[in-house]
Engineer: 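Could you have a look at this structure, given as structure tokens, before my questions?
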Amino acid sequence: MKRCLVLFAAFLAAFSVLSCSPTYNSIKRMQKMEEGVSNPTTKEELEEAIKKYDARAMDLVLTEGQIGIWYKILGTRYQDQQMYGKALECFQKALMYYPDNANLYFYVGSCAGHLSHAFLDFEAKGAASSNSVKKMNYLKLAESSYLQALKLNPNYYRVLFGLGVLYVYEFGQGDKAIPYLEKFLSVQTRDTEAMFALAAAYYLNYEFEKAIPLYDRIIELKPNAQKVQEAKSNKTKVLSLMYKE
């Protein structure tokens, strides 16, 4: 008998917990009570209902916006730690909240560019290998992200540089890289990395005579001994090609 009483008490306790759990309808009723709006019918009641629920809608918008900001911050933290896969996931989610944010497209492009190097053709199977396909997909993602960022902000100089480097060193398309790198260097006049990239773009485009002044400028700026030596070596190679013509 005692055991039955204990089981009955436990059943009652469980039932009371379940009966107190919030359901959709109970939450809805509570919200209506809180806002003081039930079933508006007159024009005045409808206007009052809209006014009260509009405040709730604004709270929701602010909350959703904050989530997008948090994803962006988390993505930059992952990026700082060179965890580009995790960072890319965060930036992709942030874009769901802010699809017109040029910075997010730049971050996506940067992460995709880094991730492309994780899918090298280690087994040397050629261009048809799964790794080479993945690498190219990430490079295409980087390209499309950079281009979208430039649509939103045509003077986004970090994107101009990133896109130029992508075309030169990854796609080998000097003709596409030249306008972006030239525009970048028109403002960032002492950036020797961009000078190397633009000189390489001219080289790929058989515009050897335009590469020479860039190497001279790098030598003049003296960023460091290694870069100066690299500029001198590249200049010698370009000059030899010019004389052969």
Engineer: Side-chain contact, heavy-atom cut-off 4.5 Å: V238 with E209?
Structural biologist: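 In short, these two side chains do not touch, never coming nearer than 4.5 Å.
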Engineer: Centroid-to-centroid, Y203 to F208, below 6.0 Å?
Structural biologist: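 Ring centres of F208 and Y203 closer than 6.0 Å.
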Engineer: Less than 6.0 angstrom separating the ring centers of Y156 and F106, yes or no?
Structural biologist: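 So the answer is yes for these two rings.
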Engineer: Show, in sequence, the C-alpha distance, side-chain angles and deciding distance for K135 and E170, and conclude whether the salt bridge (Lys or Arg N to Asp or Glu O under 4.0 Å) test is met.
Structural biologist: CA-CA 10 Å; K135 174 183 173 69; E170 299 293 350; 3.7 Å; yes
Engineer: Please verify the inter-ring angle class for F184 with F161; under 30° counts as parallel, over 60° as perpendicular, anything in between as tilted.
Structural biologist: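 The arrangement is tilted - the two ring planes meet at 30° to 60°.
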Engineer: Is there a side-chain contact between R217 and R190, using heavy atoms and a 4.5 Å cut-off?
Structural biologist: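 The answer is yes; the side chains approach within 4.5 Å.
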Engineer: CD of E220: more than 12 outside heavy atoms within 6.0 angstrom?
Structural biologist: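 Enclosed: over 12 neighbouring heavy atoms sit under 6.0 Å from CD of E220.
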Engineer: Which atom names give the shortest non-hydrogen contact between L95 and N101, and what distance separates them?
Structural biologist: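 Looking at all heavy atoms of both residues, the shortest contact is CD2-O, 4.4 Å.
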Engineer: Run the salt-bridge test on E143 and K140 with the 4.0 Å N-O cut-off and return the result as yes or no.
Structural biologist: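 Not counted as a salt bridge, because no side-chain N and carboxylate O are separated by less than 4.0 Å.
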Engineer: Determine, using ring centers only, whether Y138 and F119 are less than 6.0 Å apart.
Structural biologist: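 Yes: the rings meet the under 6.0 Å criterion.
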Engineer: Please verify the inter-ring angle class for F171 with Y167; under 30° counts as parallel, over 60° as perpendicular, anything in between as tilted.
Structural biologist: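 The rings of F171 and Y167 sit tilted, inter-plane angle from 30° to 60°.
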Engineer: Would Y78 and E89 count as a side chain to side chain contact (heavy atoms under 4.5 Å, CB included) if you check the C-alpha gap in whole Å, the side-chain angles of each, and the deciding distance to 0.1 Å?
Structural biologist: CA-CA 10 Å; Y78 279 130; E89 291 176 8; over 6 Å; no
Engineer: Give a yes or no on whether Y215 and L239 share a hydrophobic cluster (residues Ile, Leu, Val, Met, Phe, Trp, Tyr; joining criterion: side-chain heavy atoms under 4.5 Å apart).
Structural biologist: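 As far as the 4.5 Å side-chain criterion goes, L239 and Y215 are connected within one cluster.
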Engineer: Answer yes or no: is there a donor N or O on one side and an acceptor on the other, between the side chain of S145 and the main chain of L141, under 3.5 Å?
Structural biologist: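 Present.
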